[in-house]
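This report concerns only the one structure given below.
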Amino acid sequence: MTQENNTLATDFIREIIEDDFSTNKHAGRVATRFPPEPNGYIHIGHAKSVCLNFGLAAQYSGTCNLRMDDTDPAGESLEFVESIIHDVHWLGFDWNDRLYYASDYFEELYQFAVQIIKMGKAYVCSLNADEIREYRGSFTEPGRESPFRNRSVEENLDLFSRMRAGEFEDGAHVLRAKIDIASPNIVMRDPIMYRIKREPHFRTGTNWVIYPMYDFAHCLSDALENISHSICTLEFENNRPLYDWFVEQVITGSRPRQIEFARLNVSYTVLSKRRLIELVERNHVAGWDDPRMPTVAGMRRRGYTPEAIRNFCAVIGVAKNDNLVDASLLEHCVREDLNERAPRAMGILMPLKMVIDNYPEGKVEEFECSNHPQNPAMGTRKVPFSRVLYIERDDFDENPPKKYKRLGPGREVRLRNAYVIKYQSLVKDERTGEITELHCTYDPDTHSGPPPDGRKVEGVIHWVSAEHAVPVEVRLYDRLFRIPDPGSISENYMEYLNPGSLEILPVCYAESSLKYAAPGSRYQFERLGYFCVDAKDSAPGKPVFNRIVALRDSWGKVAARGKN
RNA sequence: UGGGGCGUCGUCAAGCGGUAAGACACAAGAUUUUGGUUCUUGCAUCCGGAGGUUCGAAUCCUCCCGCCCCAGCCA
């Protein structure tokens with residue numbers, strides 16, 4: 001533990017922990033846990049929690065467990081467990097041998113329940129679901145006591161063991177805590193501890209037909225694991241008295257403390273598990289790892305790095321304010337990381353053929369190009385140059401707007417890493433009017449410096465040698481939704497999906513060095529953005545590139561302004 | 001409506017009675033063989049509102065307003 005860590009609380013949770021150190025509350029121990037339910041893939045919101053919990057443990061020389069909160073077999077599966085394990089590891093965190101499952105505590109939890117029944121503080125209630133809801137009252141009226149509330153301990157014990165034994169139909173009985181049916185906090189109105197549910201569990205199979213509820217299982221799982229600080233999101237604030245109630249019944253000595261923070265929201269996407277499931281199941285995306293998804297798997301496939309995601313989680317902070325973090329902040333973190341680590345390369349997204357009329361036919365030069373202009377240690381690569389090239393369609397304009405620095409009639413422009421060229425003529429498709437070919441001449445004295453005669457050449461455009469280029473597919477991604485806060489819309493939020501969130505460009509050209517680029521590797525295509533070799537759909541020699549994020553584009557802003 | 005929580009720049013977020021950090025975004029400029037990077041500069045006389053306490057309040061008190069969460073045998 002470093003000194004700064006002891007003196008620099010950066011958020012209210014760290015303040016609490018450091019406070020606890022000063023009073024020696026948990027014997028100076030920090031034990032946290034990340035407790036996902038394995039019924040979906042984890043997303044950027046979970047990543048915030050993962051970074052918080054594991055980060056706290058690392059900072060204060062404590063431990064963080066990974067615990068599957070698998071108390072409701074419906075929807076839970078091994079696939080999700082495996083994805084969570086993979087994703088948390090990928091994010092850069094390790095729990096050593098402390099991978100736990102709430103389902104491993106089922107027997108202990110059952111015994112705790114028996115204990116609470118014996119204390120006269122839990123009872124088997126035989127009201128049906130509708131009746132329980134009615135009896136619970138509402139915000140304005142207190143609940144009414146269940147007619148089964150005063151069953152004897154013996155009867156409760158008998159009924160509860162028969163619930164476990166499978167003697168009753170689903171829903172016939174539940175075990176309830178006897179707390180306060182009139183409490184102003186609805187959570188405390190004799191909450192349900194166990195329900196009968198004949199659903200096979202992916203780990204315990206058919207061993208159990210009763211399953212503990214979250215409020216009962218979660219706090220006691222924390223206690224069994226000796227968690228000191230149980231960090232969860234704000235919506236569980238109402239449940240904290242119940243958390244404490246259960247723990248007090250059965251645990252003596254040091255008890256875990258629940259602390260709530262605000263869950264993350266990011267603009268132009270949704271982060272609730274229910275909605276992500278809908279996106280997947282209704283095929284609005286190609287799966288949990290669709291690069292447009294805010295899931296860890298999606299971001300990984302898109303090309304985001306764990307470092308970028310971790311940095312984002314650090315930068316957004318931890319507080320209790322409802323929030324909607326700008327998607328541009330995430331993008332900034334991704335660019336910031338990739339700018340340093342991604343080797344540069346050239347690729348053409350919208351090809352336009354260009355012939356250098358005065359360049360000898362059949363001649364090929366190989367230019368030594370820097371892989372990173374600010375970091376020579378990243379080395380160089382050879383890029384072939386020849387008479388016929390492809391350039392970006394956007395880099396030529398027959399009627400250039402003001403401030404346009406690219407190619408146009410009568411103009412000169414620098415070919416990145418190569419010569420200065422001058423426009424000569426163009427060829428159009430007579431039927432469509434589309435420009436099909438450009439003719440230019442090059443200045444042989446300009447490869448490694450400005451024109452010797454002192455002419456100023458302002459623009460620089462990228463290119464690729466037609467003969468040597470690798471044809472590639474490129475996938476462009478945009479925000480999933482058209483509106484900043486789709487999460488706030490309760491109904492028909494799918495109407496706000498961005499129809500242009502995926503654009504596939506089947507015919508693009510990458511420089512030859514990229515032909516066998518490793519799946520998952522990331523490059524900056526100069527002047528365009530960062531791209532990642534798709535790990536699923538690429539084949540050797542035939543890479544598919546995902547655009548991770550575009551470069552900042554100050555010209556795009558100027559150009560857009562010009563149109564208005 | 002009963003209970004719980006939250007309101008500081010467009011967005012996150014510091015601030016803990018001594019006179020509004022930082023980041024993103026945005027804007028302007030410099031450097032540049034990426035309109036990228038980097039650098040410089042600007043960007044809340046004001047902290048949901050109104051009163052009060054104090055020499056002094058975003059920070060303490062009172063009232064008011066707004067937003068979020070809770071009435072699953074989900075988590």
Side-chain angles (χ1 to χ4, degrees), chain A residues 10-11 15 35-37 39 69 71-72 74-75 125 127-129 132-134 136-143 170-176 183-189 192-197 210-211 213-215 217-218 232-241 260 262 264 267 273-274 315-333 335-336 339-340 344 346 370 372-374 403-406 413-420 446-450 457-462 484 488 524-529 550-559:
Chain A
T10 51
D11 58 64
E15 253 169 43
E37 184 189 13
N39 66 347
D69 217 345
T71 56
D72 179 6
C125 179
L127 258 19
N128 66 37
I132 286 183
R133 191 180 340 105
E134 280 172 37
R136 190 158 33 220
S138 70
F139 292 150
T140 44
E141 352 150 52
D170 287 13
H173 309 281
V174 291
L175 183 69
R176 289 230 253 171
S183 170
N185 181 355
I186 291 177
V187 170
M188 299 298 273
R189 320 244 263 224
I192 293 169
M193 295 164 65
Y194 273 91
R195 73 283 213 185
I196 303 171
K197 196 166 194 166
I210 58 172
Y211 291 97
M213 299 288 290
Y214 166 86
D215 283 308
H218 192 89
C232 65
T233 43
L234 243 32
E235 65 268 29
F236 292 104
E237 210 143 20
N238 292 326
N239 302 49
R240 192 169 65 227
E260 311 86 8
L264 170 68
S267 60
K273 196 150 4 182
R274 197 198 102 227
V315 157
I316 56 174
V318 179
K320 298 187 74 162
N321 305 328
D322 288 332
N323 59 77
L324 181 63
V325 175
D326 243 307
S328 65
L329 181 55
L330 215 204
E331 294 185 345
H332 162 79
C333 292
R335 285 194 195 100
E336 187 180 46
N339 176 47
E340 287 196 14
R344 315 283 120 129
M346 291 192 283
S370 168
H372 192 121
Q374 277 77 38
K403 293 188 182 171
Y404 189 78
K405 298 202 303 201
R406 286 108 97 140
V413 84
R414 151 88 54 194
L415 291 180
R416 173 76 170 153
N417 293 126
Y419 302 104
V420 169
T446 53
H447 174 235
S448 45
V457 178
E458 232 198 332
V460 179
I461 67 172
H462 58 282
S488 71
Q524 184 197 95
F525 286 4
E526 290 195 87
R527 306 211 306 133
L528 295 176
L551 250 31
R552 283 186 64 205
D553 181 14
S554 45
W555 165 248
K557 283 174 197 162
V558 174

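In what follows, every chain begins at residue 1, and chains take the letters A, B, ... in the order their sequences are listed.
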Nearest whole angstrom, please: distance from the [atom2] of [N] to the [atom1] of [X].
| X | N | atom1 | atom2 | result |
| --- | --- | --- | --- | --- |
| K320(A) | rG5(B) | NZ | C1' | 6 Å |
| E331(A) | rG36(B) | CD | P | 16 Å |
| N323(A) | rC67(B) | CG | C1' | 13 Å |

Does Q374(A) make a side-chain donor-acceptor contact with the base of rG36(B), cut-off 3.5 Å?
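It does, because a donor-acceptor pair links the side chain of Q374(A) to the base of rG36(B) below 3.5 Å.
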
Mind telling me if rG36(B) is syn or anti? Syn here is a glycosidic angle within 90° of 0.
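What rG36(B) shows is an anti base, its glycosidic angle lying more than 90° from 0.
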
For rC6(B), the Watson-Crick or wobble partner whose two distances fall under 3.5 Å
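Paired with rG66(B).
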
Between [N] and [X], is there an OP1 or OP2 to side-chain N/O distance shorter than 4.0 Å?
| X | N | result |
| --- | --- | --- |
| H332(A) | rC24(B) | yes |
| R406(A) | rG35(B) | no |
| R552(A) | rU37(B) | yes |
| N321(A) | rG7(B) | yes |

So what does Y419(A) hit on the nucleic acid, given a heavy-atom distance under 4.0 Å: a base, only sugar-phosphate, or nothing?
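Here Y419(A) touches no strand at all.
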
Just call it for V318(A): base, sugar-phosphate, or nothing, with non-hydrogen atoms closer than 4.0 Å on any strand.
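V318(A): backbone/sugar contact only, no base atoms under 4.0 Å.
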
Closer than 3.5 angstrom, by distance alone: can the side chain of R414(A) be matched with the main-chain N or O of A418(A) as a donor-acceptor pair?
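Flag set: sc R414(A) to bb A418(A) pair under 3.5 Å.
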
For atom C1', what is the distance between rG49(B) and rA57(B), given to the nearest Å?
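It works out to 16 Å between them.
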
Walk along nucleotides 70-75 of chain B from 5' to 3' and tag each nucleotide B, S or - by protein heavy-atom contact under 4.0 Å, base first, then sugar-phosphate.
BBSBSB

Checking contacts here: which listed nucleotide (rC12(B), rG35(B), rA25(B)) is nearest the side-chain heavy atoms of D553(A)?
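Nearest to the side chain of D553(A) among the choices is rG35(B).
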
With the side chain of K557(A) defined as its heavy atoms from C-beta on, choose the nearest nucleotide among rU34(B), rG36(B), rA27(B).
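For K557(A), the side-chain atoms sit closest to rA27(B).
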
